[in-house]
Amino acid sequence: MRKNSIRNIAIIAHVDHGKTTLVDGLLKQSGTFKAHQEVEDRVMDSMDLEKERGITITAKNTAVFYNDIKINILDTPGHADFGGEVERSLNLVDGALLLVDSSEGPLPQTRFVLKKALEKSLPIILVINKIDRSDARIKEVVDEVYDLFIDLDASDNQIEFPIIYTNAKEGIAHKELNSESDNLIPLFDVILKNIQGPEVLDENKSQFLITSLDYDSYVGQIAVGRLNNGNLSMNGTYALCTFDGNIKNQKFSALYTFQGLQKVQVEEVSSGDIIAFAGIENISIGDTIADNENPEPLPRIEVDEPTVSMLFYVNNSPFAGQDGKFLTTRHLSERLTKETYSNVSLQVSLTDRTDVFEVRGRGELQMAILIETMRREGYEFMVSKPQVIKKEENGKLLEPMEKVFLDVPEDKVGILTEKLSARKGRMTNLQNHGTGRVNLEFSIPSRGLIGFRSQFLTDTQGAGIMNKLFDGYAPWFGSIPQRNSGALVSDRNGQVTTYACLGMVDRGELFISVGTDVYDGMIIGERNRDGDLNVNITREKKLTNMRASGSDNTVTLRPPKQLSLDQYIEFIAEDELVEVTPVSLRLRKMELDQNKRASQKKKEKYSNQ
């Protein structure tokens, strides 16, 4: 039985093509907000980090009503590192809006999300957004999307997709280009016509798959998902089907449906709708709520394997405990375990040491978001350089590969080809459209890209665009050169002085300013040649009758290089760590004692001979 009173759709696209802005327009024009209500832009991006970075990190759902039909809309992330969120969201829906920028066309992440949607046999509506751009090339972009569908082996039905042209910022949609329209009603009509209601059986036993978790300080843990079959009511008792078995006689403390951005408490919910409940303990993503007498679990959510791992250490530096509230092994273990409950693509495992945890995920950005979130919550810890996750098949060692798509100025092609070739990259495509910019495509081991983004921005002087996409596994490529410069390392505790900084001008670039407290083994800058250099950055001027203390007051120092968390993670070498506290970020050597570091280096040198 099809339920025509409900539509469940996801909006999928490459990062920054306008998904969240389009959801804003749909919410406003469906009457979700009051006539004079102040509404901020990108209202679905509710996390501080989402607002700051201008990207969607977690998939969120909302509901609008049009012609008395409830449309549940899922806004999904557009970045490959958050692919787990996209895969999870597609379990909830019966169709998808594929949003493509009218100038940029389908980009790598468009391919990734579309592939996932086509695998689930979802009907697609193509939305060409930003049609007001001066460099829009709408006809060519539509052809590129058709090519992409054919490339991904779409069925004949899927290729016959309807096309809508929108300007999400202005809240306008057109069925035909240049047709008369000043609202999004054509888009609403196409959704109702081309995406059918969910196929459900109200009379059947209840089956509800938990696809995401939320937390409320009042009711506790909230599970969100789609009720596939049957009904759920506040008075009923149900079974929780987990990975380890079934737990019967479970009752809800609250049941919710979605209206606009709000959760609305109800007594009973029917199949086909996206709903939420609270009151059942120890739930995790992929569990099923089923009939109490005869529980039948739904298939668990499958997501792609993680490709990158990082080690999270309890902070043991000389400055440990000065800034953070949560510092111990127990704090770190509980917080990382809690993250795995709501993030299906993250895995946390123990190591040989009790104060070190291995965290596995999809990419550096996903890790950086987790680190920044924990930092803002008051945690203090250290992280290692990201490593790729290798696997063995038929006695061969395999490593993850990436497809890298570059859009760069014509005169930068040579230097980027040289840099990527050194990192075992192989050019697979080059397109020069004659506009002064060139599109390059490389196949490269994932570890060759670790630390490359900052180099790429420097080489292209900020004018390059880089996107990457996971591209399976290939045999191990051997050693790949990473950072070609050494580090300036403080050789004692103290405060940075102006006089000592003057002596560093020809040695490299500093990361810290005058007056900063440093400790023995802390990295204070990047050396301009290979190999680390231990320096006394706390040295003060020796005063004599001929050397006055104030004669350096007029000297102008070069300002220190300010790095972000992402850049710190890219910069560090194998034997270095990033120390993360709520107030500051520091770089340090794993082994703080310089004599021990020197003896370790000697042992490595002789063992390699």
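This is a predicted model, so every value here is computed, not measured.
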ask   = Can you check whether Asp101's main-chain N or O pairs, donor with acceptor, with Glu104's side chain at less than 3.5 Å?
value = no
Measuring only between side-chain heavy atoms, which start at C-beta, is Ile523 closer than 4.5 Å to Leu488?
no
For Ser443 and Asp471 the tightest heavy-atom approach is OG-OD2, 4.3 Å
d(Phe456 CZ, Lys419 NZ) to nearest 0.5 Å is 11.5 Å
What I'd like to find out is whether the side chain of Ile444 reaches to under 4.5 Å of the side chain of Leu449, using heavy atoms alone. yes
Looking only at heavy atoms, the pair that brings Ala278 and Ile222 closest together is CB-CG1, 4.2 Å
Rounding to 0.5 Å, atoms CG (Leu350) and CZ (Phe357) come to a distance of 6.5 Å
Any chance you could lay out the side-chain contact (heavy atoms from CB on, under 4.5 Å) test for Leu416 and Phe452, step after step, and finish with the verdict? CA-CA 10 Å; Leu416 289 171; Phe452 177 67; 4.2 Å; yes
Side-chain donor-acceptor contact under 3.5 Å, Asp520 with Gln594
no
Between Glu402 and Val404 (side chain of the first, backbone of the second, donor and acceptor by atom type, cut-off under 3.5 Å), is there such a pair?
no
Under a 4.5 Å cut-off applied to non-hydrogen side-chain atoms, are Phe405 and Ile465 in contact? no
Tightest non-hydrogen contact, residues Phe319 and Asp517, listed as CE1-O, 3.5 Å
Practice task
Could you tell me whether a side-chain N or O of Glu380 sits under 3.5 Å from a main-chain N or O of Thr581, the two making a donor and an acceptor?
Solution key: no
Of Leu440, Leu406, Ile415, the one forming a side chain to side chain contact (heavy atoms under 4.5 Å, CB included) with Leu420 is Leu406
- request: Output, in order, the C-alpha distance, side-chain angles, deciding distance and verdict of side-chain contact (heavy atoms from CB on, under 4.5 Å) for Glu372 and Asp566.
  value: CA-CA 10 Å; Glu372 183 62 37; Asp566 307 47; over 6 Å; no
Stepwise side-chain hydrogen bond (donor to acceptor under 3.5 Å, both in side chains) check, Glu410 with Asn432: CA-CA 8 Å; Glu410 212 169 338; Asn432 190 338; 3.1 Å; yes
Just by modelled atom types, is the Glu441 backbone N or O under 3.5 Å from a matching donor or acceptor in the Thr428 side chain?
yes
Here the gap from Glu591 atom CD to Glu576 atom CD, rounded to the nearest 0.5 Å, amounts to 13.0 Å
query: Can you check whether Ser485 reaches Arg527 side chain to side chain, under 4.5 Å on heavy atoms?
result: no
Heavy atoms of Leu592 and Pro318 approach each other most closely as CD1-CD, 3.8 Å
Just by modelled atom types, is the Tyr499 backbone N or O under 3.5 Å from a matching donor or acceptor in the Lys541 side chain? no
Exercise for review: Carefully, step by step, assess Val359 and Leu370 under the rule side-chain contact (heavy atoms from CB on, under 4.5 Å).
Suggested key: CA-CA 10 Å; Val359 180; Leu370 170 62; 4.2 Å; yes
For the residue pair Ser103 / Asp135, report whether a side-chain donor-acceptor contact shorter than 3.5 Å exists. yes
Here the gap from Ile450 atom CD1 to Lys385 atom NZ, rounded to the nearest 0.5 Å, amounts to 6.0 Å
Any salt bridge linking Arg437 with Asp407? Criterion: basic side-chain nitrogen under 4.0 Å from a carboxylate oxygen. yes
Handout entry: Main-chain N/O of Tyr519 paired to Arg492 side chain as donor or acceptor, under 3.5 Å
Key = no
Strictly below 4.0 Å, N to O, side chains only: are Arg335 and Glu377 in salt-bridge contact?
yes
In Leu587, Val489, Ile537, the residue satisfying side chain to side chain contact (heavy atoms under 4.5 Å, CB included) with Ile524 is Ile537
Exactly one of Glu393, Lys391, Lys390 clears side chain to side chain contact (heavy atoms under 4.5 Å, CB included) with Tyr473, and that residue is Lys391
Are any side-chain N or O atoms of Thr498 and backbone N or O atoms of Val514, one a donor and one an acceptor, separated by less than 3.5 Å? no
Closest non-hydrogen atoms of Ser446 and Val388, given as atom of the first, atom of the second and distance, are CB-CG1, 3.7 Å
Test Gln562 against Gln567 for side-chain hydrogen bond (donor to acceptor under 3.5 Å, both in side chains), laying out the working first.
CA-CA 9 Å; Gln562 301 286 347; Gln567 289 168 319; over 6 Å; no
Val496 vs Cys501 side-chain heavy atoms within contact, under 4.5 Å:
yes
**Polar side chain donor-acceptor pair, Glu579 to Ser317, under 3.5 angstrom** = yes
Residues Leu565 and Ala368: closest non-hydrogen pair is CD2-O, 3.6 Å
More than 12 heavy atoms of other residues, nucleotides or ligands under 6.0 Å from CZ of Arg597: is that the case?
yes
message: Looking only at the aromatic ring of each residue, does the gap between the centers of Phe571 and Phe511 stay below 6.0 angstrom?
response: yes
Interatomic distance, CG@Asn316 vs CZ@Arg588, rounded to 0.5 Å, equals 5.0 Å
inquiry  = Walk me through whether Ser490 and Val535 qualify under side-chain contact (heavy atoms from CB on, under 4.5 Å).
reply    = CA-CA 5 Å; Ser490 172; Val535 296; 5.7 Å; no
Contact check, side chains of Arg447 and Val308, non-hydrogen atoms, under 4.5 Å
no
*Looking only at atom types and distance, does a side-chain atom of Thr337 sit under 3.5 Å from a main-chain N or O of Ser333, one as donor and one as acceptor?*
yes
Notebook entry, point to check: Strictly by modelled atom types, are Gln495 and Thr538 linked by a side-chain donor-acceptor pair under 3.5 Å?
Noted result: no
Requested in this report: Determine whether Ile512 and Val518 make a side-chain contact, defined as any pair of heavy atoms from C-beta on separated by less than 4.5 Å.
Outcome: yes
### Message
Within the 4.5 Å heavy-atom criterion, are Phe381 and Val314 side-chain neighbours or not?
### Response
no
Salt bridge check: are Lys589 and Asp575 linked by an N-O gap of less than 4.0 Å?
yes
When rounded to the nearest 0.5 Å, the distance separating OG of Ser384 from OH of Tyr313 is 5.5 Å
Would you mind checking if Arg330 and Glu334 are paired as a salt bridge, meaning a charged N to carboxylate O distance below 4.0 Å?
yes
